[in-house]
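This report concerns only the one structure given below.
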Amino acid sequence: MKLTVKTGKLQKLRTHLLAVFLFEETRTIDEWLTELNEITGNRLSELLKMRDFKGELNETLLIYTPERSPVRRVLLVGMGKKREFNAEKVRQVFGTASRNARDKKLKRFTLCLEGVTVPELTKGELAHAAVEGALLSLYQFIKFKTEDIKKYTIVNEIVLFALNRMNYKELCAGVEMGKLFAEATCYARDLASYPGNVVTPTYLANEAKAIAAKCGLKCSIFDEKKLMQLKMNALLGVAKGSNEPPRLIILEYNCGNDKADTVAVVGKGITFDSGGISIKPAKKMEEMKYDKCGAAAVLAVMKLVKQLQPPVNVTGIVASAENLPSGKALKPGDIVTTYSGLTVEVINTDAEGRLILSDALAYTIDKFKPDAVIDLATLTGAVIVALGHYATGMLGNNPGMLKKVMTAAQKSGEMVWELPIYPEFDEHLKSNVADIKNSNGPGAGTIFGAAFLRKFVKKTPWVHLDIAGTAWDVKEKSYLPKGPTGVGVRLLGVLLKDWKL
Ligand code: BES
Ligand code: MN
Ligand code: ZN
C-alpha cells in the first residue's frame, strides 16, 4: 500500500473520493470549508442547513460533485463532539472513511486531515493515528478465497491531504510511523488467521528465521533435541500428544549500546489448543487456532523493532507447541520437572499455556538477564469473565513496570486493566505431590495463571498480559474488523519506542 502526503490548495486536488471530517459543531461554512463547498457546487452548505448531516461520530454522507469537478465525490464523516474527540476516535473515523471508500470499490482515495484536531496530539501523532485507523480498517484475510475474489477490493494508494505546506515534513514522519505500526499489526493478524494445519511451531520458527534474515536480527531455534538437553520438560510435555514438534524461538535486536536496558518479550504460541486429554467442548474449538496470538504479536514486534530503532535491546522469545490428545499425550496427574527445576503436577492439560511459558520465562531470565520481561498470552477464558473483550488483563510483580505498560497502553489505544496477584495466591498453587499444580478450583482463574507464572520470573520486573479477551472476537469497530486484532503490537511498539521517557 502506497501512502502519499499532499499539501497545498484544495483546487489542485484530483481524486475519486475525498473524505472530509466534520465535528457536530460545524453548522456553517467558513474558512477552508468555503473552498470545499465550491467543489461540491454548494451542496455542502445546503445539506448542513437542512441538517441532513449532523457530524455524529462515524456518521457518513456521500456527496457527488458536479460534473467535471476534479474531486469526484466528497465523503463527509462525523467526528462527534469536538471536546470529546481523541486519538481513539481519530482511528475510528479514518477507518470508517477508508472502509466506505473500499466498499465503493475504489483502489485510490484521499483522506483530508484539514479540520481534524486533538489538542493533546501533535500533527505527527495525529497523522500516525489516522494512518493506523485507515490501514487497520482495510485488513482482510482472503488468502484462502478462490471464488468471487473480484468482490474483494485491494486498495493500493491512500493520499493524506492537508492545506498547510509547513506541516509536510511532520505529517510525513507521522504517516510513516503509523504505517509501520499498522503493517506490523496486520502481519500479526495474518499469522493468527492462518489455520493450525498451516501455522505449526515449525512454521513459526521459519517465519522467525525469515524476519531475522530480512531485519538483521540474531535468531536461534531450539528443536526437540536441544529442548531435551535443556530439560524444558514443560514445553516438551505439552507437545507430546501432537505429531508437530515444539520449538523455542529466540530473536535478538541489539540497539548498538550494550549498556542500554534489555527488554524481553515472550509469547505463547500454541498453534492449536484442543485442551489435550482434558479436551475442550467442540463448540467454537476452531477458534483455538488463535491460541498463538501472543507469539504472533512477539514476531510482529521484532519485525517492527528493527524499523523503530528503539533505545533498548529487545529479545523476543516464542514458545510454540500444538496441544492435542493422543496415546502419547500428557495426562492429568502427570508430574513434569520444568527447566527451572520446579516440579509441576498437571491437574488439567488444558492449562498448557502456563506450562510452556514457565520454561520460556525461566530460560529467558537465566540466559538474558533482562531488565524487564513482558509476556503475552491467550492464557485464560476467565479474563473474558473479568474484563470482557475491551481490555487486556495486566498482572505483574513491579509497580514501575506496570505503570510503564499502562502508559503505553493508553497511548497506543490498546487498553489494559490491572488485576492483583495477592501473595495469598501462592498458597493455592501448592500441590500434594509436586511443588506446584497447574490448575486450581474455580475463581480468579486469570490471577491463578499469573501467580503460576510469577514462580518462574522471581524478582525480575515482569508484566503478564492476558490477551484471551482482546486477541479476537472483540466488538467490531472500523479499524478492528472481524477476526484477530493483532493486539499487543501497537502497545509494545509504543512501550519500546518511549522506553526512556
Ligand atoms: N487458550 C486457552 C484460554 C482461552 C480460552 C482463550 C477461551 C480464549 C478463549 C487456555 O489454554 C485454556 O484452556 N485455559 C483454561 C485454563 C483452565 C483449564 C485452568 C481456561 O481458561 O479454561
Ligand atoms: Mn488450553
Ligand atoms: Zn491455550
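Predicted, not measured: the structure shown is a model, and the values here were computed from it. When a ligand or atom number is given, it counts from 1 through the structure's own listing order.
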Problem set entry | Short side-chain donor-acceptor distance under 3.5 Å, T200 and T271 | no
For this session: Give, rounded to 10 degrees, the angle between O (D350) and OE1 (E352) as seen from the Mn ion (ligand 2).
Result: 70°
For this session: Run through T343, T337, T338 and flag the one making a side chain to side chain donor-acceptor pair (under 3.5 Å) with S340.
Result: T338
Exercise. Of all N/O/S atoms in D273, which lies nearest to the Zn ion (ligand 3)?
Worked result: OD2
Exercise. When the aromatic ring centroids of F181 and H128 are compared, is their separation below 6.0 Å?
Worked result: yes
Exercise. Taking the Zn ion (ligand 3) as the vertex, how big is the angle to NZ in K268 and OE2 in E352, rounded to 10°?
Worked result: 90°
Exercise. Out of the N/O/S atoms in D291, what is the name of the one closest to the Zn ion (ligand 3)?
Worked result: OD2
For this session: Using salt bridge (charged side-chain N to carboxylate O under 4.0 Å, His left out) as the criterion, list what pairs up with R354, not counting sequence neighbours.
Result: none
For this session: Kindly say whether Y339 contributes a backbone atom to a donor-acceptor pair with the side chain of D359 at under 3.5 angstrom?
Result: yes
Exercise. Strictly under 6.0 Å, is that where the ring centroids of F94 and Y479 end up?
Worked result: no
Exercise. Centroid-to-centroid, F222 to Y363, below 6.0 Å?
Worked result: yes
Seminar exercise, completed: Atom name of the N, O or S atom of D273 nearest to the Mn ion (ligand 2) is OD2
For this session: With F141 as reference, evaluate W472, Y152, Y194 under the ring pair (Phe, Tyr, Trp, His ring centres under 6.0 Å) test and give the passing residue.
Result: Y194
At less than 3.5 Å, what protein N or O atoms come close to the N or O atoms of ligand 1? Include the distances to 0.1 Å.
from, atom 1, to, atom 2, distance (Å)
ligand 1, 1 (N), K268, NZ, 3.4
ligand 1, 1 (N), D273, OD2, 3.2
ligand 1, 1 (N), D291, OD1, 2.8
ligand 1, 1 (N), D291, OD2, 3.0
ligand 1, 1 (N), T378, O, 3.2
ligand 1, 11 (O), K268, NZ, 3.2
ligand 1, 11 (O), D273, OD2, 2.9
ligand 1, 11 (O), D350, O, 3.1
ligand 1, 11 (O), E352, OE1, 2.8
ligand 1, 11 (O), E352, OE2, 2.9
ligand 1, 13 (O), K280, NZ, 2.8
ligand 1, 13 (O), D350, O, 2.9
ligand 1, 13 (O), D350, OD1, 2.8
ligand 1, 13 (O), D350, OD2, 3.1
ligand 1, 14 (N), L379, O, 3.3
ligand 1, 21 (O), G381, N, 2.7

